Amino acid sequence: MANEETYLQNLLANRKIVRNYIETTKEFPELKKVIDYAIKIPTAGFSRGIEFVHVSKKENINKLAYLANEESYVEKGFNKWISNSLSIYLILINEKAYHDRYSEKDKKNSTQSSDWIVPYWYVDAGAAMMNCMLLIEEIGLKSGFLGSHNMKSAEIKSLIKIPESYQLLGFVTAGIEGKASSIKKNVPKKKITHYEYFNK
Ligand SMILES: Cc1cc2nc3c(=O)[nH]c(=O)nc-3n(C[C@H](O)[C@H](O)[C@H](O)COP(=O)(O)O)c2cc1C
């Protein structure tokens with residue numbers, strides 16, 4: 001039927017950032033495969049400068065929660081989030097891969113990566129983030145995203161043994177949604193899709 005949502009439309013319509021997961025001992029082996037598909041992104045010049053680390057051991061998840069200052073959020077009345085994740089996917093940006101690629105022979109006539117108006121490594125990282133979230137949604141879990149501005153990046157990189165030159169974009173989290181905290185924001189609607197012309 002014309003009005004029915006497609007599978008992808010339905011996944012997109014249901015995805016939302018969830019920051020409250022319940023504790024569970026349930027296992028979701030599908031979580032292991034997420035990064036094999038999440039990484040299937042186009043990258044500028046096929047630089048392949050985006051990488052993932054899948055963290056699933058409880059011990060490491062707890063360490064990441066600590067380094068993401070979870071305690072201070074819980075003290076403010078927010079739900080436990082990071083430490084109750086079943087998996088955490090770290091999105092990494094290897095900017096050097098882009099500069100190396102764009103200094104190759106066939107890219108000599110292109111605008112050099114250091115002069116890009118929009119740094120494409122962030123574009124590619126965003127695509128990886130979205131793939132990851134949709135794959136989590138497909139498993140029947142809910143995804144969240146915590147940006148690296150809210151965590152101790154250097155300590156996380158050292159814990160996970162990530163090369164110093166890589167940037168950490170943040171964590172995509174996966175878990176089972178719990179009850180929302182009582183802190184609710186009233187966000188007004190905003191027109192962000194336009195047809196044919198931006199303004200009438
Ligand atoms: C790049 C980026 C960074 C974000 N950083 C954070 C963050 O650090 N902490 C957080 O709670 N949410 C973060 N979010 C989530 C957004 O604040 C917000 O929840 C999201 O836009 C709501 O979308 P949704 O309800 O459609 O999922 C981030 C989202 C994006 C795309």
Side-chain angles (χ1 to χ4, degrees), residues 5 7-22 34-35 38-39 41-44 49-53 55 61-95 98 116 118-157 159-160 162 166-194:
E5 279 183 339
Y7 180 72
L8 181 58
Q9 286 167 351
N10 186 260
L11 274 190
L12 286 164
N14 285 312
R15 186 214 54 80
K16 60 176 183 178
I17 296 279
V18 170
R19 301 181 183 85
N20 55 309
Y21 298 143
I22 56 163
V34 163
I35 61 173
I39 202 62
I41 48 163
T43 55
I50 306 302
E51 301 187 29
F52 273 106
V53 179
V55 174
I61 286 175
N62 284 339
K63 285 182 186 168
L64 290 181
Y66 173 76
L67 294 172
N69 313 307
E70 181 172 81
E71 245 168 64
S72 67
Y73 288 95
V74 173
E75 274 165 20
K76 282 181 201 153
F78 291 99
N79 296 100
K80 268 195 171 184
W81 167 18
I82 308 297
S83 63
N84 277 348
S85 300
L86 290 161
S87 281
I88 300 179
Y89 302 95
L90 277 62
I91 302 177
L92 306 176
I93 300 169
N94 175 15
E95 186 182 324
Y98 290 81
W116 286 342
V118 175
Y120 290 141
W121 41 94
Y122 298 125
V123 176
D124 300 348
M129 175 179 104
M130 199 62 200
N131 276 355
C132 194
M133 289 180 153
L134 290 177
L135 287 156
I136 292 166
E137 189 73 33
E138 185 183 47
I139 295 168
L141 296 166
K142 298 308 283 186
S143 59
F145 185 77
L146 185 71
S148 60
H149 64 289
N150 274 326
M151 57 182 77
K152 297 187 175 88
S153 277
E155 290 175 48
I156 291 166
K157 278 161 68 176
L159 171 74
I160 306 296
I162 297 163
Y166 281 39
Q167 282 187 68
L168 171 63
L169 179 73
F171 300 165
V172 175
T173 61
I176 301 175
E177 187 173 14
K179 268 200 190 133
S181 78
S182 50
I183 305 167
K184 277 222 166 80
K185 283 185 205 155
N186 209 358
V187 186
K189 280 222 154 94
K190 197 171 162 186
K191 180 169 166 49
I192 48 177
T193 51
H194 310 270

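Counting starts at 1 for both ligands and their atoms, following the listed order. All figures in this text were calculated on a predicted structure; none of them were measured in a lab.
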| Glu5 backbone acceptor or donor facing Asn10 side chain under 3.5 Å | no
| said: A cation-pi test, strictly: NZ or CZ of Lys76 under 6.0 Å from the centre of the six-membered ring of Phe78 and no more than 45 degrees from its axis. Yes or no? | reply: no
| field | Nearest non-hydrogen protein atom, atom 25 (O) of ligand 1 | value | Ile17 N, 3.8 Å
| query | Among protein heavy atoms, which sits nearest to atom 12 (N) of ligand 1, and what does the distance come to when rounded to 0.1 Å? | reply | Arg19 NH2, 3.1 Å
| query | Short question: side chain of Thr173, backbone of Ile82 - any donor-acceptor pair under 3.5 Å? | reply | no
| said: To check your reading of the model: name the closest protein heavy atom to atom 30 (C) of ligand 1, its residue, and the distance in Å. | reply: Phe145 CD2, 3.9 Å
| task | Heavy-atom contacts with His149 under 4.0 Å: which atoms of ligand 1 show up? List them by number with element. | result | 5 (N), 8 (O)
| said: Would the distance check show the side chain of Tyr89 and the main-chain N or O of Val34 forming a donor-acceptor pair, the cut-off being under 3.5 Å? | reply: no
| task | Go through ligand 1 atom by atom and flag the ones less than 4.0 Å from a non-hydrogen atom of Trp81. | result | 11 (O)
| query | Any donor and acceptor pair, going by atom type alone, linking the side chain of Asn14 with main-chain N or O of Glu137 inside 3.5 Å? | reply | no
| field | atom 21 (O) of ligand 1 protein-contacted, heavy-atom criterion under 4.0 angstrom | value | no
| query | Going by the order shown, which atoms of ligand 1 are within less than 4.0 Å of some heavy atom of Asn150? | reply | 7 (C), 8 (O), 9 (N)
| field | Flag, side chain of Asn131 to backbone of Ala38, donor-acceptor distance under 3.5 Å | value | yes
| query | Nearest protein heavy-atom contact for atom 26 (O) of ligand 1: which residue, which atom, what distance? | reply | Arg15 NH2, 3.2 Å
| request: Return the residue, atom name and 0.1 Å-rounded distance of the protein heavy atom closest to atom 31 (C) of ligand 1. | output: Met129 CE, 3.6 Å
| Can you tell me the protein heavy atom closest to atom 9 (N) of ligand 1 and the distance? | Leu146 CD1, 3.5 Å
| Any N or O on Gly147 sitting closer than 3.5 Å to an N or O of ligand 1? | yes
| query | Under a 4.0 Å N-O cut-off, is there an ion pair linking Lys80 with Glu70? | reply | no
| request: For Asn84 and Tyr21, indicate whether the former's side chain and the latter's backbone hold a donor-acceptor pair under 3.5 Å. | output: yes
